Amino acid sequence: MTQASYIFLAGASRGVGREIANYLTAQQLKVKALLRTEAAAAELEALGIQVVFGDALNVDDVEGAILADEAIDAVISTLGGLPNETNRPDYPGNKNLIDAAVKAGVKKFILVSSIGTGDSIGALSPQALAALKDILVEKDKAEQYLIASGLTYTIIRPGGLKSEPATGNGVLTEDPRIVGSIHRADVAQLVVQALNSDRANNKVLSAIDKNQLFGQLEFAEFSLD
């Protein structure tokens, strides 16, 4: 990605998105973040991030943010809802972002999804699938919409997320059978590395901590180098 244009980040207020914001700004990249509320705005602006307010579920808000004067090189979305929420952005919010990214001609779209989506459904236990079923259906629709969009994409599906500091043991794999835990900061590191990796283009990758696997399946790590 070039220094002159922006990385557009949706989901920067918390979780993996917030960790991604930290890593991007540490690399001196220009970041524009879409926020629904002012709660995280001051902290993000203190990092040098350009904040634009809007709701990903509103097409006009998304287009106004992405199709503005500044060139957007890439879009990173960590949008996702909680199981008890009714208006989850997992599919409709990401669909709006993808549509606007197509119009803007962005070079890459990175979608943070979840293990259990698509062909990785078999990696989850029946209990986890039952708890997450509705969300996973929405995430799968977002993944499929992105794949069909014509954009250069990377889909990263993390396992169970933890909020402890990065371990440096986060790895990617194309093997859909793999499941485990991973710290949010490690997911963010992998996302930012994928941003500048042509090897990650048009790939669907699971992200886990190699020391926090559930079960001991052998698997091939995916190298971004």
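FYI, the numbering just counts along the sequence from 1. Predicted, not measured: the structure shown is a model, and the values here were computed from it.
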Task: side chain to side chain donor-acceptor pair (under 3.5 Å) partners of residues 9-18, not counting sequence neighbours, each pair once - done: Arg18-Glu43
Task: Minimum side-chain heavy-atom gap Phe109-Ile98 below 4.5 Å - done: yes
Open item on the list: Quick check on the hydrophobic clustering: are Leu190 and Ile115 connected, directly or via other members, by side-chain heavy-atom contacts under 4.5 Å?
Closed with: no
TODO: Would you kindly confirm whether Phe219 and Phe214 end up in one hydrophobic cluster when ILVMFWY residues are joined by side chain heavy atoms under 4.5 Å apart?
DONE: yes
TODO: Would you give the length of the straight line joining atom CD of Glu138 to atom OH of Tyr91, rounded to the nearest 0.5 angstrom?
DONE: 8.5 Å
Task: OH on Tyr6 to CG on Asp69, rounded to 0.5 Å - done: 10.5 Å
TODO: Can you measure from CG (Leu79) to CZ (Arg36) and round to the nearest 0.5 angstrom?
DONE: 9.0 Å
- [ ] Determine whether Arg199 and Ser223 make a side-chain contact, defined as any pair of heavy atoms from C-beta on separated by less than 4.5 Å.
- [x] yes
Would you mind writing out the side-chain donor-acceptor pairs for residues 167-183 within the sub-3.5 Å range, not counting sequence neighbours?
from	atom 1	to	atom 2	distance (Å)
Thr167	OG1	Asn169	N	3.0
Thr167	OG1	Asp186	OD2	3.1
Thr167	OG1	Asp209	OD2	2.8
Thr173	OG1	Asp175	N	3.0
Thr173	OG1	Ala220	O	2.8
Glu174	OE1	Lys203	NZ	3.4
Asp175	OD1	Arg177	N	3.0
Asp175	OD1	Arg177	NE	3.0
Asp175	OD2	Arg177	NE	3.3
Asp175	OD2	Arg177	NH2	2.7
His183	ND1	Pro165	O	2.8
His183	NE2	Gln212	NE2	3.2

- [ ] Could you tell me whether Lys103 and Asp99 have a side-chain N and a carboxylate O separated by less than 4.0 Å?
- [x] no
Task: same_hphob_cluster(Ile135, Leu97) at 4.5 Å side-chain heavy-atom cutoff - done: no
Task: Value rounded to 0.5 Å, distance of CD1 in Ile208 from CD in Glu221 - done: 7.5 Å
Task: Qualifying salt bridge (charged side-chain N to carboxylate O under 4.0 Å, His left out) pairs with a residue from residues 153-168, counting only residues at least two apart or across chains - done: Asp119-Arg157, Glu143-Arg157
Task: Spacing of CG belonging to Asp140 relative to OG belonging to Ser114, to within rounding of 0.5 Å - done: 11.0 Å
Open item on the list: Using 0.5 Å steps for rounding, measure from the CG atom of Asn202 to the CG atom of Leu146.
Closed with: 9.0 Å
